[in-house]
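What follows is a set of notes on a single structure, which appears directly below.
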2 protein chains.
Amino acid sequence: MRGVTTAQPLTRGRGSRRAEILEAAAALFAARGFHGTSIEDIGGAVGTSGPALYRHFSGKEALLAEMLLDVSERLHTSAANRVTEAPDAEHALDALLTGQIEFALSHPALITVHDRELGNVPEPARRQIRRLQRLYVEEWVTVLSELYPGCPPPRLRAATHAVFGLLNSTPHSAGELDPEAMAGLLRSMARAALARAQS
Amino acid sequence: MRGVTTAQPLTRGRGSRRAEILEAAAALFAARGFHGTSIEDIGGAVGTSGPALYRHFSGKEALLAEMLLDVSERLHTSAANRVTEAPDAEHALDALLTGQIEFALSHPALITVHDRELGNVPEPARRQIRRLQRLYVEEWVTVLSELYPGCPPPRLRAATHAVFGLLNSTPHSAGELDPEAMAGLLRSMARAALARAQS
DNA sequence: CGGTGAGGTTAATGATGACTAACATCGGGA
DNA sequence: TCCCGATGTTAGTCATCATTAACCTCACCG
(Lines give C-alpha, C1' and ligand atoms only; values in the text may rest on other atoms or scores of the structure.)
Protein backbone atom coordinates (compact mmCIF):
# COMPACT_ATOMS: atom_id res chain seq x y z
CA MET A 1 0.00 0.00 0.00
CA ARG A 2 3.03 2.25 -0.01
CA GLY A 3 2.98 4.59 -2.97
CA VAL A 4 1.08 2.09 -5.03
CA THR A 5 -1.88 4.23 -6.01
CA THR A 6 -0.36 7.38 -7.28
CA ALA A 7 -2.87 9.32 -9.38
CA GLN A 8 -2.95 10.77 -12.82
CA PRO A 9 -1.61 14.17 -13.83
CA LEU A 10 -2.66 13.07 -17.35
CA THR A 11 -1.37 15.99 -19.33
CA ARG A 12 -3.17 18.80 -17.61
CA GLY A 13 -3.07 22.25 -19.17
CA ARG A 14 -0.19 24.37 -17.99
CA GLY A 15 -0.84 26.10 -14.69
CA SER A 16 -4.43 24.98 -14.77
CA ARG A 17 -3.86 23.20 -11.49
CA ARG A 18 -2.99 26.39 -9.66
CA ALA A 19 -6.10 28.05 -11.00
CA GLU A 20 -8.20 25.08 -10.05
CA ILE A 21 -6.85 25.15 -6.53
CA LEU A 22 -7.42 28.88 -6.21
CA GLU A 23 -10.98 28.49 -7.34
CA ALA A 24 -11.73 25.65 -4.96
CA ALA A 25 -10.07 27.50 -2.11
CA ALA A 26 -12.10 30.62 -2.84
CA ALA A 27 -15.32 28.69 -2.59
CA LEU A 28 -14.27 27.07 0.67
CA PHE A 29 -12.92 30.29 2.21
CA ALA A 30 -16.13 32.06 1.29
CA ALA A 31 -18.27 29.33 2.81
CA ARG A 32 -16.33 28.50 5.97
CA GLY A 33 -13.76 31.21 6.34
CA PHE A 34 -9.98 31.00 6.09
CA HIS A 35 -9.42 29.48 9.50
CA GLY A 36 -12.43 27.23 9.09
CA THR A 37 -10.90 25.63 6.00
CA SER A 38 -8.09 23.13 6.23
CA ILE A 39 -5.41 22.36 3.70
CA GLU A 40 -6.89 18.88 3.59
CA ASP A 41 -10.28 20.37 2.65
CA ILE A 42 -8.78 22.27 -0.24
CA GLY A 43 -6.83 19.29 -1.45
CA GLY A 44 -9.95 17.17 -1.25
CA ALA A 45 -11.87 19.68 -3.32
CA VAL A 46 -9.45 19.29 -6.21
CA GLY A 47 -9.11 15.56 -5.91
CA THR A 48 -5.71 15.38 -4.27
CA SER A 49 -4.94 14.89 -0.65
CA GLY A 50 -3.69 17.72 1.54
CA PRO A 51 0.04 18.25 1.27
CA ALA A 52 -0.05 18.08 -2.52
CA LEU A 53 -0.85 21.79 -2.41
CA TYR A 54 2.67 22.58 -1.33
CA ARG A 55 3.81 21.69 -4.83
CA HIS A 56 1.92 24.76 -6.01
CA PHE A 57 1.89 27.22 -3.13
CA SER A 58 4.32 27.81 -0.33
CA GLY A 59 1.54 27.71 2.24
CA LYS A 60 -2.03 28.48 3.09
CA GLU A 61 -1.41 32.18 3.66
CA ALA A 62 0.49 32.49 0.41
CA LEU A 63 -2.45 30.95 -1.37
CA LEU A 64 -4.80 33.51 0.16
CA ALA A 65 -2.39 36.30 -0.63
CA GLU A 66 -2.21 35.36 -4.27
CA MET A 67 -5.97 35.09 -4.46
CA LEU A 68 -6.61 38.52 -3.00
CA LEU A 69 -3.79 40.15 -4.87
CA ASP A 70 -5.22 38.86 -8.10
CA VAL A 71 -8.70 40.12 -7.25
CA SER A 72 -7.61 43.59 -6.28
CA GLU A 73 -5.41 43.83 -9.32
CA ARG A 74 -8.19 42.81 -11.65
CA LEU A 75 -10.63 45.23 -10.08
CA HIS A 76 -8.22 48.08 -10.12
CA THR A 77 -6.77 47.73 -13.59
CA SER A 78 -10.16 47.07 -15.09
CA ALA A 79 -11.46 50.20 -13.40
CA ALA A 80 -8.50 52.27 -14.48
CA ASN A 81 -8.91 51.16 -18.09
CA ARG A 82 -12.62 51.77 -18.16
CA VAL A 83 -12.24 55.25 -16.72
CA THR A 84 -9.50 56.14 -19.16
CA GLU A 85 -11.56 55.06 -22.11
CA ALA A 86 -14.75 56.79 -21.04
CA PRO A 87 -15.62 60.02 -22.86
CA ASP A 88 -16.88 61.75 -19.72
CA ALA A 89 -17.50 61.27 -16.01
CA GLU A 90 -21.03 60.13 -16.60
CA HIS A 91 -19.91 57.26 -18.80
CA ALA A 92 -17.00 56.54 -16.53
CA LEU A 93 -19.34 55.99 -13.61
CA ASP A 94 -21.46 53.70 -15.72
CA ALA A 95 -18.41 51.73 -16.70
CA LEU A 96 -17.28 51.44 -13.09
CA LEU A 97 -20.70 50.17 -12.10
CA THR A 98 -20.69 47.68 -14.94
CA GLY A 99 -17.29 46.36 -13.97
CA GLN A 100 -18.07 45.92 -10.31
CA ILE A 101 -21.46 44.35 -10.98
CA GLU A 102 -20.08 41.92 -13.53
CA PHE A 103 -17.34 40.88 -11.19
CA ALA A 104 -19.60 40.53 -8.19
CA LEU A 105 -22.14 38.48 -10.09
CA SER A 106 -19.64 36.19 -11.71
CA HIS A 107 -17.29 35.68 -8.79
CA PRO A 108 -19.33 35.91 -5.60
CA ALA A 109 -16.90 33.79 -3.64
CA LEU A 110 -13.95 35.99 -4.52
CA ILE A 111 -15.88 39.09 -3.57
CA THR A 112 -16.77 37.58 -0.23
CA VAL A 113 -13.25 36.49 0.57
CA HIS A 114 -11.88 39.77 -0.66
CA ASP A 115 -13.63 41.78 1.98
CA ARG A 116 -13.41 39.34 4.82
CA GLU A 117 -10.00 37.81 4.88
CA LEU A 118 -7.53 40.58 4.25
CA GLY A 119 -6.55 40.32 7.89
CA ASN A 120 -5.12 36.87 7.30
CA VAL A 121 -2.76 37.91 4.56
CA PRO A 122 0.85 38.16 5.75
CA GLU A 123 2.49 41.53 5.72
CA PRO A 124 4.41 41.97 2.52
CA ALA A 125 1.37 41.19 0.39
CA ARG A 126 -1.19 42.80 2.63
CA ARG A 127 0.18 46.25 2.10
CA GLN A 128 0.07 45.83 -1.63
CA ILE A 129 -3.49 44.60 -1.60
CA ARG A 130 -4.52 47.52 0.57
CA ARG A 131 -2.80 49.84 -1.81
CA LEU A 132 -4.68 48.45 -4.79
CA GLN A 133 -7.96 48.64 -2.90
CA ARG A 134 -7.27 52.25 -2.05
CA LEU A 135 -6.47 53.03 -5.66
CA TYR A 136 -9.67 51.35 -6.73
CA VAL A 137 -11.71 53.42 -4.33
CA GLU A 138 -9.95 56.56 -5.45
CA GLU A 139 -10.84 55.73 -9.02
CA TRP A 140 -14.47 55.96 -7.99
CA VAL A 141 -13.98 59.02 -5.84
CA THR A 142 -12.26 60.87 -8.64
CA VAL A 143 -15.08 60.21 -11.06
CA LEU A 144 -17.67 61.14 -8.48
CA SER A 145 -15.80 64.34 -7.63
CA GLU A 146 -16.04 65.39 -11.21
CA LEU A 147 -19.69 64.50 -11.32
CA TYR A 148 -20.63 66.12 -8.04
CA PRO A 149 -18.16 68.91 -7.47
CA GLY A 150 -18.61 70.61 -4.16
CA CYS A 151 -19.21 67.34 -2.40
CA PRO A 152 -16.38 66.73 0.08
CA PRO A 153 -14.23 63.67 -0.76
CA PRO A 154 -14.74 61.97 2.62
CA ARG A 155 -18.44 61.93 1.94
CA LEU A 156 -17.84 60.51 -1.53
CA ARG A 157 -15.57 57.88 -0.07
CA ALA A 158 -18.21 56.84 2.43
CA ALA A 159 -20.80 56.78 -0.33
CA THR A 160 -18.51 54.63 -2.43
CA HIS A 161 -18.05 52.12 0.36
CA ALA A 162 -21.79 52.06 0.86
CA VAL A 163 -22.33 51.31 -2.81
CA PHE A 164 -19.77 48.52 -2.66
CA GLY A 165 -21.77 47.09 0.21
CA LEU A 166 -24.89 47.32 -1.89
CA LEU A 167 -23.35 45.73 -4.97
CA ASN A 168 -21.54 43.05 -3.01
CA SER A 169 -24.76 41.97 -1.36
CA THR A 170 -25.13 39.59 -4.28
CA PRO A 171 -23.66 36.57 -2.49
CA HIS A 172 -26.25 37.01 0.28
CA SER A 173 -29.29 37.17 -1.93
CA ALA A 174 -28.18 34.50 -4.35
CA GLY A 175 -30.94 32.98 -6.38
CA GLU A 176 -33.69 35.46 -5.65
CA LEU A 177 -33.46 36.89 -9.15
CA ASP A 178 -31.83 35.79 -12.36
CA PRO A 179 -28.47 37.45 -13.06
CA GLU A 180 -29.84 39.75 -15.74
CA ALA A 181 -32.54 41.20 -13.56
CA MET A 182 -30.20 41.35 -10.60
CA ALA A 183 -27.61 43.30 -12.57
CA GLY A 184 -30.21 45.78 -13.70
CA LEU A 185 -31.63 46.21 -10.24
CA LEU A 186 -28.25 46.71 -8.64
CA ARG A 187 -27.16 49.21 -11.24
CA SER A 188 -30.29 51.23 -10.89
CA MET A 189 -30.20 51.21 -7.10
CA ALA A 190 -26.55 52.13 -7.03
CA ARG A 191 -26.97 55.06 -9.39
CA ALA A 192 -29.86 56.42 -7.41
CA ALA A 193 -27.97 56.00 -4.16
CA LEU A 194 -24.90 57.77 -5.49
CA ALA A 195 -26.94 60.66 -6.77
CA ARG A 196 -27.89 61.34 -3.17
CA ALA A 197 -24.29 61.76 -2.10
CA GLN A 198 -24.13 65.25 -3.57
CA SER A 199 -26.83 66.87 -1.46
CA MET B 1 2.05 29.43 43.27
CA ARG B 2 -0.91 27.09 43.34
CA GLY B 3 -4.17 28.99 43.56
CA VAL B 4 -2.57 31.73 45.57
CA THR B 5 -3.53 34.67 43.41
CA THR B 6 -7.22 34.22 42.83
CA ALA B 7 -8.74 37.49 41.66
CA GLN B 8 -11.61 39.70 42.72
CA PRO B 9 -15.25 39.35 41.64
CA LEU B 10 -15.78 42.39 43.89
CA THR B 11 -19.55 42.61 43.83
CA ARG B 12 -20.12 42.90 40.14
CA GLY B 13 -23.57 43.74 38.88
CA ARG B 14 -25.71 40.69 38.19
CA GLY B 15 -25.06 39.16 34.82
CA SER B 16 -22.83 42.03 33.87
CA ARG B 17 -20.03 39.57 33.36
CA ARG B 18 -21.88 37.67 30.68
CA ALA B 19 -22.61 40.90 28.86
CA GLU B 20 -19.02 41.99 29.18
CA ILE B 21 -17.83 38.71 27.72
CA LEU B 22 -20.29 38.89 24.86
CA GLU B 23 -19.15 42.36 24.00
CA ALA B 24 -15.48 41.48 24.06
CA ALA B 25 -16.13 38.36 22.02
CA ALA B 26 -18.10 40.34 19.45
CA ALA B 27 -15.20 42.71 18.94
CA LEU B 28 -12.75 39.85 18.58
CA PHE B 29 -14.96 37.80 16.28
CA ALA B 30 -15.52 40.84 14.10
CA ALA B 31 -11.82 41.56 13.90
CA ARG B 32 -10.37 38.08 13.53
CA GLY B 33 -13.31 35.80 12.84
CA PHE B 34 -14.76 33.04 14.98
CA HIS B 35 -12.09 30.48 14.23
CA GLY B 36 -9.39 33.09 14.43
CA THR B 37 -10.29 33.91 18.01
CA SER B 38 -9.34 31.63 20.87
CA ILE B 39 -11.08 31.16 24.19
CA GLU B 40 -7.90 32.43 25.75
CA ASP B 41 -8.17 35.62 23.66
CA ILE B 42 -11.68 36.27 24.87
CA GLY B 43 -10.77 35.57 28.47
CA GLY B 44 -7.80 37.88 28.17
CA ALA B 45 -10.02 40.65 26.82
CA VAL B 46 -12.13 40.62 29.97
CA GLY B 47 -9.26 40.24 32.37
CA THR B 48 -9.62 36.58 33.19
CA SER B 49 -7.73 33.71 31.76
CA GLY B 50 -9.27 31.31 29.28
CA PRO B 51 -11.31 28.58 30.92
CA ALA B 52 -13.08 31.03 33.23
CA LEU B 53 -15.53 31.51 30.38
CA TYR B 54 -16.97 28.08 30.96
CA ARG B 55 -18.52 29.42 34.16
CA HIS B 56 -20.73 31.60 31.96
CA PHE B 57 -21.15 29.76 28.68
CA SER B 58 -21.14 26.10 27.86
CA GLY B 59 -18.67 26.62 25.05
CA LYS B 60 -17.44 28.84 22.29
CA GLU B 61 -20.24 27.94 19.91
CA ALA B 62 -22.87 28.52 22.57
CA LEU B 63 -21.42 31.94 23.14
CA LEU B 64 -21.70 32.76 19.46
CA ALA B 65 -25.21 31.34 19.33
CA GLU B 66 -26.36 33.53 22.16
CA MET B 67 -24.75 36.56 20.61
CA LEU B 68 -26.41 36.08 17.23
CA LEU B 69 -29.73 35.08 18.69
CA ASP B 70 -29.77 38.23 20.72
CA VAL B 71 -28.95 40.37 17.70
CA SER B 72 -31.57 38.86 15.46
CA GLU B 73 -34.16 39.09 18.19
CA ARG B 74 -33.42 42.73 18.83
CA LEU B 75 -33.54 43.60 15.17
CA HIS B 76 -36.72 41.71 14.55
CA THR B 77 -38.77 42.80 17.56
CA SER B 78 -37.63 46.37 17.19
CA ALA B 79 -38.71 46.29 13.56
CA ALA B 80 -42.02 44.64 14.32
CA ASN B 81 -42.79 47.25 16.96
CA ARG B 82 -41.83 50.15 14.79
CA VAL B 83 -43.93 48.91 11.90
CA THR B 84 -46.94 48.31 14.13
CA GLU B 85 -46.74 51.79 15.55
CA ALA B 86 -46.27 53.54 12.24
CA PRO B 87 -49.33 55.32 10.81
CA ASP B 88 -48.61 54.27 7.24
CA ALA B 89 -46.16 52.42 5.05
CA GLU B 90 -44.17 55.56 4.35
CA HIS B 91 -43.50 56.13 8.03
CA ALA B 92 -42.97 52.44 8.60
CA LEU B 93 -40.15 52.41 6.06
CA ASP B 94 -38.59 55.43 7.72
CA ALA B 95 -38.78 53.70 11.05
CA LEU B 96 -37.20 50.55 9.67
CA LEU B 97 -34.37 52.58 8.21
CA THR B 98 -33.86 54.41 11.46
CA GLY B 99 -33.71 51.19 13.42
CA GLN B 100 -31.24 49.49 11.15
CA ILE B 101 -29.02 52.54 10.86
CA GLU B 102 -28.97 53.14 14.60
CA PHE B 103 -28.08 49.55 15.25
CA ALA B 104 -25.41 49.38 12.58
CA LEU B 105 -23.78 52.59 13.74
CA SER B 106 -23.81 51.72 17.41
CA HIS B 107 -22.89 48.05 17.16
CA PRO B 108 -20.67 47.61 14.12
CA ALA B 109 -19.02 44.51 15.52
CA LEU B 110 -22.33 42.77 16.11
CA ILE B 111 -23.48 43.59 12.60
CA THR B 112 -20.29 42.20 11.15
CA VAL B 113 -20.44 38.99 13.13
CA HIS B 114 -24.12 38.65 12.45
CA ASP B 115 -23.67 38.31 8.74
CA ARG B 116 -20.46 36.38 8.73
CA GLU B 117 -20.59 33.72 11.36
CA LEU B 118 -24.02 32.17 11.18
CA GLY B 119 -22.40 29.10 9.69
CA ASN B 120 -20.59 28.42 12.94
CA VAL B 121 -23.69 28.33 15.07
CA PRO B 122 -24.72 24.77 15.99
CA GLU B 123 -28.00 23.47 14.67
CA PRO B 124 -30.69 24.01 17.24
CA ALA B 125 -29.94 27.71 17.49
CA ARG B 126 -29.05 28.25 13.87
CA ARG B 127 -32.54 27.48 12.67
CA GLN B 128 -34.03 29.95 15.09
CA ILE B 129 -31.64 32.69 14.07
CA ARG B 130 -32.39 32.07 10.43
CA ARG B 131 -36.08 32.22 11.22
CA LEU B 132 -35.72 35.59 12.92
CA GLN B 133 -33.63 36.91 10.07
CA ARG B 134 -36.27 35.79 7.61
CA LEU B 135 -38.99 37.45 9.65
CA TYR B 136 -36.95 40.62 9.77
CA VAL B 137 -36.55 40.65 6.01
CA GLU B 138 -40.25 39.96 5.55
CA GLU B 139 -41.03 42.93 7.74
CA TRP B 140 -39.24 45.07 5.18
CA VAL B 141 -40.73 43.28 2.21
CA THR B 142 -44.25 43.71 3.55
CA VAL B 143 -43.82 47.42 4.00
CA LEU B 144 -42.23 47.77 0.59
CA SER B 145 -45.02 45.74 -1.01
CA GLU B 146 -47.52 48.18 0.33
CA LEU B 147 -45.44 51.09 -0.86
CA TYR B 148 -44.66 49.70 -4.30
CA PRO B 149 -47.53 47.39 -5.18
CA GLY B 150 -47.01 45.58 -8.42
CA CYS B 151 -43.36 45.00 -7.69
CA PRO B 152 -42.79 41.26 -7.34
CA PRO B 153 -41.68 40.17 -3.85
CA PRO B 154 -38.50 38.43 -5.00
CA ARG B 155 -37.35 41.73 -6.42
CA LEU B 156 -38.21 43.49 -3.20
CA ARG B 157 -36.34 40.86 -1.25
CA ALA B 158 -33.26 41.31 -3.38
CA ALA B 159 -33.55 45.07 -3.00
CA THR B 160 -33.85 44.68 0.75
CA HIS B 161 -30.70 42.58 0.93
CA ALA B 162 -28.93 45.15 -1.19
CA VAL B 163 -29.97 47.91 1.18
CA PHE B 164 -28.76 45.89 4.15
CA GLY B 165 -25.44 45.63 2.39
CA LEU B 166 -25.42 49.37 1.90
CA LEU B 167 -26.33 50.16 5.50
CA ASN B 168 -24.00 47.57 6.96
CA SER B 169 -21.08 49.00 5.06
CA THR B 170 -20.56 51.19 8.10
CA PRO B 171 -17.93 48.98 9.72
CA HIS B 172 -15.85 49.21 6.53
CA SER B 173 -15.88 52.96 6.21
CA ALA B 174 -15.47 53.68 9.89
CA GLY B 175 -14.20 57.12 10.68
CA GLU B 176 -14.67 58.71 7.29
CA LEU B 177 -17.60 60.74 8.54
CA ASP B 178 -19.01 61.56 11.96
CA PRO B 179 -21.96 59.37 12.98
CA GLU B 180 -24.54 62.10 12.42
CA ALA B 181 -23.49 62.77 8.88
CA MET B 182 -23.06 59.08 8.21
CA ALA B 183 -26.57 58.29 9.41
CA GLY B 184 -28.02 60.99 7.21
CA LEU B 185 -26.05 59.89 4.18
CA LEU B 186 -26.97 56.26 4.61
CA ARG B 187 -30.63 57.02 5.09
CA SER B 188 -30.77 59.19 2.05
CA MET B 189 -28.90 56.72 -0.13
CA ALA B 190 -31.02 53.83 1.06
CA ARG B 191 -34.30 55.63 0.38
CA ALA B 192 -33.21 56.57 -3.09
CA ALA B 193 -32.02 53.06 -3.80
CA LEU B 194 -35.26 51.50 -2.62
CA ALA B 195 -37.32 53.86 -4.72
CA ARG B 196 -35.67 52.28 -7.75
CA ALA B 197 -36.91 48.84 -6.85
CA GLN B 198 -40.39 49.60 -8.14
CA SER B 199 -39.52 50.30 -11.75
C1' DC C 1 16.68 2.98 -22.69
C1' DG C 2 17.97 6.45 -18.60
C1' DG C 3 17.12 9.96 -15.80
C1' DT C 4 14.95 14.04 -14.42
C1' DG C 5 11.42 17.05 -12.88
C1' DA C 6 6.70 17.88 -11.92
C1' DG C 7 3.24 16.47 -9.03
C1' DG C 8 1.41 12.90 -5.74
C1' DT C 9 1.46 9.78 -1.61
C1' DT C 10 1.54 8.52 3.26
C1' DA C 11 3.75 9.20 7.79
C1' DA C 12 5.77 12.12 11.16
C1' DT C 13 6.25 16.54 13.95
C1' DG C 14 5.00 20.44 16.61
C1' DA C 15 1.63 24.04 17.65
C1' DT C 16 -2.38 25.53 18.94
C1' DG C 17 -6.69 25.33 20.99
C1' DA C 18 -11.16 23.70 23.07
C1' DC C 19 -12.56 21.69 26.91
C1' DT C 20 -12.10 19.18 31.61
C1' DA C 21 -10.23 18.40 36.29
C1' DA C 22 -8.83 19.63 40.69
C1' DC C 23 -8.31 22.97 43.51
C1' DA C 24 -8.80 28.06 45.66
C1' DT C 25 -11.33 32.28 47.32
C1' DC C 26 -14.81 35.11 48.83
C1' DG C 27 -19.17 37.08 49.88
C1' DG C 28 -23.44 36.20 51.80
C1' DG C 29 -26.79 33.83 54.25
C1' DA C 30 -28.17 30.22 58.09
C1' DT D 1 -19.18 31.18 62.62
C1' DC D 2 -19.57 27.83 58.93
C1' DC D 3 -20.93 26.35 54.57
C1' DC D 4 -22.15 27.07 49.85
C1' DG D 5 -22.47 28.93 45.34
C1' DA D 6 -20.39 31.77 42.14
C1' DT D 7 -15.99 32.52 39.86
C1' DG D 8 -11.27 31.99 39.14
C1' DT D 9 -6.85 29.53 38.67
C1' DT D 10 -3.48 26.28 36.74
C1' DA D 11 -2.39 21.87 34.70
C1' DG D 12 -3.70 18.32 31.93
C1' DT D 13 -6.00 15.82 27.74
C1' DC D 14 -7.13 15.02 23.03
C1' DA D 15 -8.04 16.77 18.40
C1' DT D 16 -7.01 19.16 14.64
C1' DC D 17 -3.93 21.19 11.48
C1' DA D 18 -0.12 23.33 9.01
C1' DT D 19 3.98 21.98 7.48
C1' DT D 20 7.90 18.75 6.47
C1' DA D 21 10.09 14.27 5.25
C1' DA D 22 10.84 10.42 2.58
C1' DC D 23 9.28 7.99 -1.11
C1' DC D 24 6.93 6.94 -5.67
C1' DT D 25 5.78 7.37 -10.82
C1' DC D 26 5.21 8.87 -15.07
C1' DA D 27 5.76 11.75 -19.17
C1' DC D 28 9.10 13.28 -21.83
C1' DC D 29 13.68 14.39 -23.73
C1' DG D 30 18.25 13.00 -24.84
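Chain identifiers are assigned alphabetically (A, B, ...) following the order of the sequence lines, protein sequences preceding nucleic acid strands; residue numbering begins at 1 within each chain.
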Between A:Arg82 and A:Asp94, is there a side-chain N and carboxylate O pair less than 4.0 Å apart?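 Salt bridge: no.
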Please determine whether a side-chain nitrogen of the Lys or Arg among B:Glu176 and A:Arg155 lies less than 4.0 Å from a carboxylate oxygen of the Asp or Glu.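 Here B:Glu176 does not pair with A:Arg155 in a salt bridge, since their nearest N and O are not under 4.0 Å apart.
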Rounded distance in Å - [atom1] ([X]) to [atom2] ([N]):
X	N	atom1	atom2	result
B:Phe34	C:dT16	CZ	P	20 Å
B:Leu53	C:dA18	CG	C1'	11 Å
B:Tyr54	D:dT10	OH	P	16 Å
B:His35	C:dT16	NE2	C1'	14 Å
B:Arg32	C:dG17	CZ	P	10 Å
A:Ile42	D:dC17	CD1	P	12 Å
A:Arg17	C:dG8	CZ	C1'	9 Å
B:Glu40	C:dT16	CD	C1'	11 Å

Between A:Glu61 and B:Ser49, which residue's closest nucleotide on DNA chain D lies nearer the 5′ terminus?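 It is B:Ser49, whose closest nucleotide lies nearer the 5' terminus.
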NA contact type, B:Gly59, heavy-atom cut-off 4.0 Å: base, sugar-phosphate, or nothing?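 Sugar-phosphate contact only.
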Base, sugar-phosphate alone, or nothing: which one does B:Thr37 contact when heavy atoms must sit under 4.0 Å apart?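 The residue B:Thr37 makes sugar-phosphate contact but no base contact.
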Could you tell me whether the phosphate oxygens of C:dG8, OP1 or OP2, come under 4.0 Å of any side-chain nitrogen or oxygen in A:His56?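 Result: yes.
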May I ask you to evaluate whether B:Arg55 reaches the phosphate of D:dT9, defined as a side-chain N or O under 4.0 Å from OP1 or OP2?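 For D:dT9, neither OP1 nor OP2 has a side-chain N or O of B:Arg55 closer than 4.0 Å.
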For a side chain to side chain contact (heavy atoms under 4.5 Å, CB included) check, start with the C-alpha distance between A:Arg157 and A:Glu138, then their side-chain angles and the critical distance, and finish with the verdict. CA-CA 8 Å; A:Arg157 243 182 300 277; A:Glu138 289 316 306; 2.7 Å; yes
Given B:Cys151, which of B:Val141, B:Leu144, B:Leu156 fulfils the side-chain contact (heavy atoms from CB on, under 4.5 Å) condition?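 Among B:Val141, B:Leu144, B:Leu156, the one that satisfies the side-chain contact (heavy atoms from CB on, under 4.5 Å) with B:Cys151 is B:Leu156.
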Picking from [options], which would you name as closest to the side chain of [X]?
X	options	result
A:Ile39	D:dG8, D:dT19, C:dG17	D:dT19
A:Pro51	C:dG8, C:dT20, D:dA21	D:dA21
B:Ser38	D:dA18, C:dA11, C:dG17	C:dG17

Is the ring pair A:Phe164/A:His161 parallel, tilted or perpendicular, if the boundaries are 30 and 60 degrees?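 Geometry flag for A:His161 against A:Phe164: perpendicular rings.
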